[in-house]
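Structure record follows, encoded as structure tokens.
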Amino acid sequence: MSSVSFASEVETYSVPDATFPAYQGKGLTFQNNHNTFSLRVRGRIQFRYANPGASQPTELADFYHDSGNQFGVNRARVKLDGHLGMSWIKFGVEYDAVEQRTLTATVAIEKYDALRFKLGQWKVEYSRERSVSSGGQQMMDRSIVNRIFTLDRQMGASIYGHVDSGGAANFNYWMGVFNGSGRGDYSNHDGEAMYAGRFQWNLLGEKVAFDNSDIERSVAPKAAIAMAGAKFKSQFTRFSSSGAGNLTGFSQGEFESQYHIEQFVVDGAYFYEGFNAQAEYHEKEIVDRQKSHHKTTMRGYYVQAGYFLSETISWWPKPLEVAARYATYSPNSRDKDESFYEKTLAMNWFFNGHDNKLTAEVSRVSLEQIGTEAGDSTVYSLQWDVSF
């Protein structure tokens, strides 16, 4: 048995299989001598200034609401992860210190790459944009499309894996069953579960993770194409890190399974020599079983790209990335002919990858009704994001 001895003038004693902390730049890690237990503690803080400080508008009235400027801590997170007993029995917890709520709590069995299992609460692996951590984004916020189509955090169970049979036979998959009631809700109320699945083909033979920005300057191109879908019945029509809620134009259901929802997304990503691009196309169908099965179909997409210009311009600073995004969606709410548009330009200075970066951004969101612009909002922002 491993032990560590402590000597003094009075006595000598030992602590079996002792555990010691170590810090290597990505959190404080506690691990015992036999490696049957490990715990890593990490923190992340986002400081943001925004003028004005309004959130992304979702209806006409939002464009005329004066919210003033925003300055302060936008996010503050504490993350715990590690393994227990065996290195492949893993756990993870993420806590939001600003809103004082648990975001993620999971236990995973990951002995085999091709077949893994997870139980708990986490962000459903549905769309690429939502699966990328808020600390690893290319822009300060996700696109206007995300709010409409994300499944966000749910409680449930999932099987998933990565299969690499050589060359283009390289893919990831996720299949899960969830409560479908959002973060923090332990019940699906009426027994109608949420079913979700995602299949991702890494067509150039290398696994493509949920990342933004080609900080490492990939020497060989890597790309992925994915499709995901979900089906559920609920009294809610949208989800966020706050929990379940409803989209504009939808009230909370009068009974638990009032809304019958089916949706899908097709997305892709590409990385090569400092360039990164990704895009998503979404469709979502909501059938209101209370209102004679009235059907609402929502569609949206975004295209986003970033590039380290130092790869082609010698005088351009190596840590500086330029990124742009275009997004649009049609809510088809109450049969109105209207569309929202987003145009965002950002510059990222990476002091230490995504663990320490400064972002400057300008973003414009506009609303068109029957071909005429009805409102627009432009936000100027500066953010420092640091993980430790």
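Any value given below was found using the heavy atoms of this structure, including those in side chains, with hydrogens, waters and symmetry copies removed. The shown structure was predicted, so the numbers you read here are calculated from the model rather than taken from an experiment.
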Query raised in the report: About how many Å separate OG of Ser363 and CD1 of Ile144, when rounded to the nearest 0.5 Å?
Result: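 Ile144 atom CD1 to Ser363 atom OG measures 8.5 Å (nearest 0.5 Å).
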Query raised in the report: Is it true that Arg48 and Asp141 make a salt bridge, defined as a side-chain N closer than 4.0 Å to a carboxylate O?
Result: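 Salt bridge between Arg48 and Asp141, a charged N being under 4.0 Å from a carboxylate O: yes.
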Query raised in the report: Salt bridge check: are Glu262 and Lys295 linked by an N-O gap of less than 4.0 Å?
Result: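 Looking at Glu262 and Lys295, the cut-off is not met.
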Query raised in the report: Residues sharing Tyr186's hydrophobic cluster, by side-chain heavy-atom contacts under 4.5 Å among ILVMFWY, directly or via others?
Result: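 Members alongside Tyr186: Met155.
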Report task. Tell me who clusters with Phe71, hydrophobic residues only, linked when side chains sit under 4.5 Å apart either directly or through other members. Result ->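 In the cluster with Phe71 are Tyr49.
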Restricting to ring pair (Phe, Tyr, Trp, His ring centres under 6.0 Å), what partner residues turn up for [X], sequence neighbours left out?
{"X": "Phe199", "value": "Phe171"}
{"X": "Phe210", "value": "Trp174"}
{"X": "Phe239", "value": "Phe232"}
{"X": "Tyr272", "value": "none"}

Query - All pairs passing side-chain hydrogen bond (donor to acceptor under 3.5 Å, both in side chains) where residues 202-211 contributes a residue, at least two apart - result: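 Sorted pair list: Asn170-Asn202, Asn172-Asn202, Gln200-Asn202.
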Report task. Can you sort out the partners of Leu204 under side chain to side chain contact (heavy atoms under 4.5 Å, CB included), two or more places apart, ordered by chain and number? Result ->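 Only Pro221, Ala223 meet the side chain to side chain contact (heavy atoms under 4.5 Å, CB included) criterion with Leu204.
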Query - Residues that Ser251 engages under side chain to side chain contact (heavy atoms under 4.5 Å, CB included), provided they are two or more places apart - result: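 Scan of Ser251 (side chain to side chain contact (heavy atoms under 4.5 Å, CB included), adjacent residues dropped) gives Tyr259.
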Requested in this report: Name all residues meeting the side-chain hydrogen bond (donor to acceptor under 3.5 Å, both in side chains) criterion together with Arg77; count only those two or more places apart in sequence or in a different chain, and write none if there are none.
Outcome: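 Checked Arg77 against side-chain hydrogen bond (donor to acceptor under 3.5 Å, both in side chains); matches are Glu94.
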Requested in this report: Tell me, please, which residues at least two apart from Ser127 pass side-chain hydrogen bond (donor to acceptor under 3.5 Å, both in side chains).
Outcome: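 Not a single residue meets the side-chain hydrogen bond (donor to acceptor under 3.5 Å, both in side chains) criterion with Ser127.
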Query raised in the report: Tell me, which pairs form a ring pair (Phe, Tyr, Trp, His ring centres under 6.0 Å) where one or both residues lie in residues 111-139, sequence neighbours left out?
Result: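 Residue pairs passing ring pair (Phe, Tyr, Trp, His ring centres under 6.0 Å), neighbours aside: Trp122-Phe178.
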